[in-house]
Amino acid sequence: VGMDGATALDTSMITGKRVLNLDSEEEGKMLVSCAGGCTTICTLPVSFVQANGQMVSVKISGLLGGHSGNEIDKQRGNSNQLMGRFLCNLQNRMDIQIVKVNGGAKDNAIPRETNAELMIAKENAKAFLEEIEKFQEIVKKEYQVSDPEIRIEGELLKDTNAEAMSLEDSRKVVFLLVHLPGGIQRMSMDIKGLVETSLNMGILSTKEKEVSMTFSVRSSLKSQKEFLVAKLKSMLEFVGGSISIRGDYPAWEYKQDSAFRNQAIAVYKRMYGEEPVIEAIHAGLECGILASKIEDFDCVSTGPDMFDIHTTEERLSISSAKRVWEYVLEILKCK
């Protein structure tokens with residue numbers, strides 16, 4: 001549920017400066033830097049009014065999703081933002097009033113499915129189905145590599161009177177879904193191929209009097225993270241909304257001169273006859289929090305082979321765990 005343990009840890013009695021973090025999932029790979037981040041909840045107040053016409057539903061599904069830190073560079077579709085794109089296209093052809101729009105379950109997971117219910121004029125029913133078919137062709141072509149199973153489905157529901165967002169508030173919701181940034185914002189200038197700054201609209205939710213959009217914001221530079229949060233705040237306030245922040249954690253910045261890293265590499269090479277892979281990641285680790293509390297902090301992160309982490313299919317290689325355990329014992333012998 002976050003990094004609250006590391007945040008609350010009292011380091012005043014700790015005299016050690018070297019940390020071997022075991023939160024990595026690939027044997028033979030050592031992590032030396034990670035992004036900082038926070039969860040940013042964007043909230044837009046909306047008013048509901050009685051609406052007449054044809055109720056319709058839209059469902060975007062079949063996307064691969066993934067971890068918003070580890071898989072953000074895969075260019076996979078975000079169902080919440082794709083819904084915004086579809087609604088924008090539809091809005092250019094007819095008036096729409098949003099009854100509800102919901103998608104995603106976790107801020108740090110790229111959402112795979114989003115659903116919406118809308119009110120449109122009865123005479124626009126055929127045009128609505130045409131827009132569904134047209135958008136399906138567009139996204140099938142654009143995401144044929146990253147999300148080959150993507151589906152856009154539309155359905156005409158009952159003719160009814162229903163409570164729906166006002167026309168003005170519906171336009172504001174679509175505006176935010178289209179224009180709030182998402183995905184990679186900047187690549188690292190220090191480490192080739194590393195994502196420096198990104199964000200992911202992981203949760204889209206309609207409540208009684210508001211629509212909320214929850215983002216996982218990440219950056220290895222504090223200034224870029226703060227700018228991205230400021231950008232979200234500016235756009236929300238422009239349309240009468242607001243933001244709140246939780247779970248803010250600092251980046252673990254790459255240390256150019258690390259005696260412990262050199263030591264860890266030397267031990268690994270002596271034991272296994274080859275050098276480990278040295279990497280920085282765009283996901284978050286507790287190392288950044290500890291680095292902010294411990295002066296002259298020197299850290300390496302490693303671990304055994306693990307698969308499908310944070311799912312019901314999570315598993316661990318026993319033979320890999322044994323080797324990493326033996327490696328840890330040798331590291332502990334170092335002075």
Side-chain angles (χ1 to χ4, degrees), residues 42-49 51 53-63 75-104 110-121 123-144 146-147 150-157 164-185 199-206 210-215 231-232 234-241:
C42 300
T43 303
L44 177 70
V46 293
S47 57
F48 285 84
V49 297
Q54 173 72 59
M55 185 179 286
V56 299
S57 68
V58 186
K59 180 179 181 180
I60 299 178
S61 61
L63 287 85
Q75 302 295 329
R76 294 172 182 170
N78 179 310
S79 60
N80 291 337
Q81 292 183 307
L82 283 170
M83 180 63 78
R85 181 177 170 185
F86 171 76
L87 294 179
C88 181
N89 291 348
L90 191 64
Q91 201 175 61
N92 288 334
R93 191 166 178 181
M94 66 187 75
D95 285 338
I96 64 171
Q97 287 179 262
I98 299 172
V99 177
K100 59 183 177 181
V101 58
N102 299 292
I110 302 168
R112 298 183 294 177
E113 182 175 315
T114 302
N115 298 274
E117 290 183 4
L118 317 168
M119 289 294 291
I120 62 173
E123 59 267 25
N124 287 330
K126 182 181 178 182
F128 165 76
L129 295 176
E130 288 173 352
E131 286 298 317
I132 290 285
E133 186 175 341
K134 186 189 301 182
F135 195 61
Q136 168 80 359
E137 291 178 4
I138 289 171
V139 296
K140 272 287 187 184
K141 183 176 181 180
E142 290 184 358
Y143 292 91
Q144 58 184 321
S146 64
D147 298 273
I150 188 171
R151 296 186 300 277
I152 315 295
E153 301 168 275
E155 184 180 357
L156 302 180
L157 304 177
M165 296 176 206
S166 68
L167 196 59
E168 181 183 359
D169 286 345
S170 296
R171 287 173 177 163
K172 287 181 180 180
V173 171
V174 175
F175 172 83
L176 290 175
L177 289 175
V178 170
H179 292 287
L180 288 175
I184 297 172
Q185 303 297 298
L199 75 169
N200 171 65
M201 187 194 295
I203 306 172
L204 172 61
S205 177
T206 303
E210 65 185 38
V211 173
S212 65
M213 304 164 190
T214 305
F215 287 84
K231 189 173 185 178
L232 294 176
S234 175
M235 292 192 71
L236 262 294
E237 290 180 346
F238 183 76
V239 293

Next on the checklist: Suppose we screen for ring pair (Phe, Tyr, Trp, His ring centres under 6.0 Å). Which residues come up paired with Phe175, at least two apart in sequence or across chains?
Outcome noted: His179

Checklist entry - Residues two or more places apart in sequence or in another chain: which of them pass ring pair (Phe, Tyr, Trp, His ring centres under 6.0 Å) with Phe86? => result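 Checked Phe86 against ring pair (Phe, Tyr, Trp, His ring centres under 6.0 Å); matches are Phe135.
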
Checklist outcome for this item: The side-chain contact (heavy atoms from CB on, under 4.5 Å) partner of Val211 among Leu204, Ile98, Leu177, Leu176 is Leu204

Of all the heavy-atom pairs spanning [X] and [Y], show the shortest one and how long it is.
X: Ala116; Y: Val101; value: CB-CG2, 4.0 Å
X: Pro111; Y: Gly202; value: CB-O, 3.9 Å
X: Leu232; Y: Pro181; value: CD2-CD, 4.0 Å
X: Gln97; Y: Ser166; value: NE2-CA, 4.0 Å

Quick one: pull up [atom1] in [X] and [atom2] in [Y] and give me the separation to the nearest 0.5 Å.
X: Tyr143; Y: Leu63; atom1: OH; atom2: CG; value: 8.0 Å
X: Leu87; Y: Asn92; atom1: CG; atom2: CG; value: 11.0 Å
X: Ser57; Y: Leu156; atom1: OG; atom2: CG; value: 8.5 Å
X: Lys172; Y: Leu236; atom1: NZ; atom2: CG; value: 11.0 Å
X: Ile60; Y: Arg112; atom1: CD1; atom2: CZ; value: 15.0 Å
X: Met83; Y: Lys59; atom1: CE; atom2: NZ; value: 10.5 Å

Side-chain heavy-atom pair [X], [Y] within 4.5 angstrom cut-off:
X: Leu118; Y: Leu90; answer: yes
X: Met119; Y: Met55; answer: yes
X: Leu82; Y: Ile150; answer: yes
X: Gln54; Y: Asn124; answer: no

Checklist entry - Which pairs count as salt bridge (Lys or Arg N to Asp or Glu O under 4.0 Å) when at least one residue sits in residues 87-96, sequence neighbours excluded? => result Arg93-Glu130, Arg93-Glu131, Asp95-Arg171

Next on the checklist: For residues 78-91, which residue pairs pass the salt bridge (Lys or Arg N to Asp or Glu O under 4.0 Å) check, not counting sequence neighbours?
Outcome noted: Arg85-Glu142

Next on the checklist: Using the rule given for side chain to side chain contact (heavy atoms under 4.5 Å, CB included), can you reason through Asn89 versus Lys134, listing the C-alpha separation, both sets of side-chain angles and the distance that settles it, and then say yes or no?
Outcome noted: CA-CA 10 Å; Asn89 291 348; Lys134 186 189 301 182; over 6 Å; no

By side chain to side chain contact (heavy atoms under 4.5 Å, CB included), which residues pair with [X], not counting sequence neighbours?
X: Glu237; result: Lys233
X: Gln81; result: Asn78, Met201
X: Glu210; result: Thr43, Lys207
X: Lys100; result: Asn102, Glu117, Thr206

Item to check | Residues, nucleotides or ligands: over 12 heavy atoms within 6.0 Å of Arg76 CZ | outcome: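 Above 12, so yes.
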
Next on the checklist: Does atom CD (Glu123) have a neighbourhood of more than 12 heavy atoms from anything else shown, all under 6.0 Å?
Outcome noted: yes

I'd like to check the side chain to side chain donor-acceptor pair (under 3.5 Å) partners of [X]; sequence neighbours left out, ordered by chain and number.
X: Ser146; value: none
X: Thr114; value: Ser79, Asn80
X: Ser47; value: Asp169

Checklist entry - Where the side chain of Glu155 meets the backbone of Val56, is there a donor-acceptor pair that is under 3.5 Å apart? => result no

